[in-house]
Amino acid sequence: MAGLSLKCGDCGAHLRSVQEAQEHAELTSHSNFSESTEAVLNLVCGTCGKPCRSKTETDLHTKRTGHTDFVDRTEEEAKPIDLEAPKAPAANSEEGGTSGSNEAQGFFLVQLK
């Protein structure tokens with residue numbers, strides 16, 4: 001079965017994509033990621049529609065808003081992850097989007113174990 005998430009080996013967080021793993025790595029300095037068959041939790045508030053990715057998030061949302069009805073849409077939203085790193089957007093000179101700068105993009109590779 002294809003992986004449904006990337007799991008951070010340092011803190012246990014489940015991430016939906018390589019891009020999320022890269023952002024997580026940048027924020028936390030964690031670098032130990034592995035492919036997981038466990039889907040990222042997707043609980044949606046039945047009152048306001050706010051998505052929550054953990055029981056802790058639903059508890060916090062309930063405490064702040066009083067909303068207690070959550071629908072589990074984890075299975076509906078679960079898709080195999082794409083292990084390709086996100087591509088940097090191509091500069092389009094026709095739209096005036098280039099400034100002549102050749103700065104390197106801030107991407108780095110997340111290594112899977």
Side-chain angles (χ1 to χ4, degrees):
M1 177 177 196
L4 297 175
S5 67
L6 293 173
K7 183 175 182 178
C8 176
D10 296 319
C11 70
H14 285 270
L15 307 150
R16 286 188 176 109
S17 66
V18 171
Q19 183 175 355
E20 279 190 18
Q22 288 176 328
E23 291 168 0
H24 179 77
E26 288 174 7
L27 291 172
T28 63
S29 298
H30 295 169
S31 60
N32 181 19
F33 296 90
S34 61
E35 193 172 355
S36 173
T37 56
E38 187 176 337
V40 176
L41 191 61
N42 186 17
L43 301 173
V44 179
C45 177
T47 305
C48 69
K50 178 181 178 16
C52 297
R53 291 172 70 160
S54 69
K55 177 76 170 102
T56 303
E57 278 188 51
T58 61
D59 291 345
L60 186 58
H61 182 69
T62 296
K63 185 176 180 181
R64 289 180 175 165
T65 65
H67 301 167
T68 57
D69 182 38
F70 292 88
V71 178
D72 187 349
R73 295 204 175 131
T74 303
E75 294 302 318
E76 296 169 25
E77 300 291 323
K79 295 179 240 166
I81 58 169
D82 180 5
L83 294 177
E84 293 294 319
K87 304 276 191 271
N92 189 342
S93 60
E94 290 180 24
E95 295 178 11
T98 61
S99 62
S101 172
N102 287 332
E103 290 182 29
Q105 295 295 319
F107 291 105
F108 61 93
L109 180 63
V110 175
Q111 294 187 355
L112 301 177
K113 294 191 179 203

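If you're wondering where the values come from, they're calculated on a predicted model, not measured in any experiment. One is the number of the first residue; the rest follow in order along the sequence. The figures that follow rest on heavy atoms only: side chains count, while hydrogens, waters and symmetry mates do not.
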| task | Could you tell me which non-hydrogen atom of P51 sits nearest to which non-hydrogen atom of E57, and how far apart they are? | result | O-OE1, 4.0 Å
| Flag side-chain contact, heavy atom, 4.5 Å: F70 against T62 | yes
| message | Tell me if a side-chain donor or acceptor on S5 pairs with a main-chain N or O of L15 at a distance below 3.5 Å. | response | no
| said: So that I can tick it off, tell me whether D59 and K63 are bridged by a salt bridge, with the cut-off set at under 4.0 angstrom between side-chain N and carboxylate O. | reply: no
| note | On a heavy-atom basis, the closest approach of V40 and T74 is O-CG2, 3.5 Å
| note | Taking every heavy atom of R16 against every heavy atom of E20, the minimum-distance pair comes out as N-OE1, 3.0 Å
| CG on L4 to CD on E35, rounded to 0.5 Å | 8.5 Å
| field | Closest approach of C52 to T58 (non-hydrogen atoms, all atoms of both residues) | value | CB-CG2, 3.6 Å
| Between D10 (side chain) and S31 (backbone), is there a donor-acceptor pair under 3.5 Å? | yes
| message | If I take atom CG from residue L6 and atom OG from residue S17, how far apart are they, to the nearest 0.5 angstrom? | response | 7.5 Å
| task | Mind checking the CD-NZ spacing from E38 to K7? Nearest 0.5 Å is all I need. | result | 6.5 Å
| task | State, to 0.1 Å, how close C45 and C48 come at their nearest heavy-atom pair, and which atoms those are. | result | SG-N, 3.5 Å
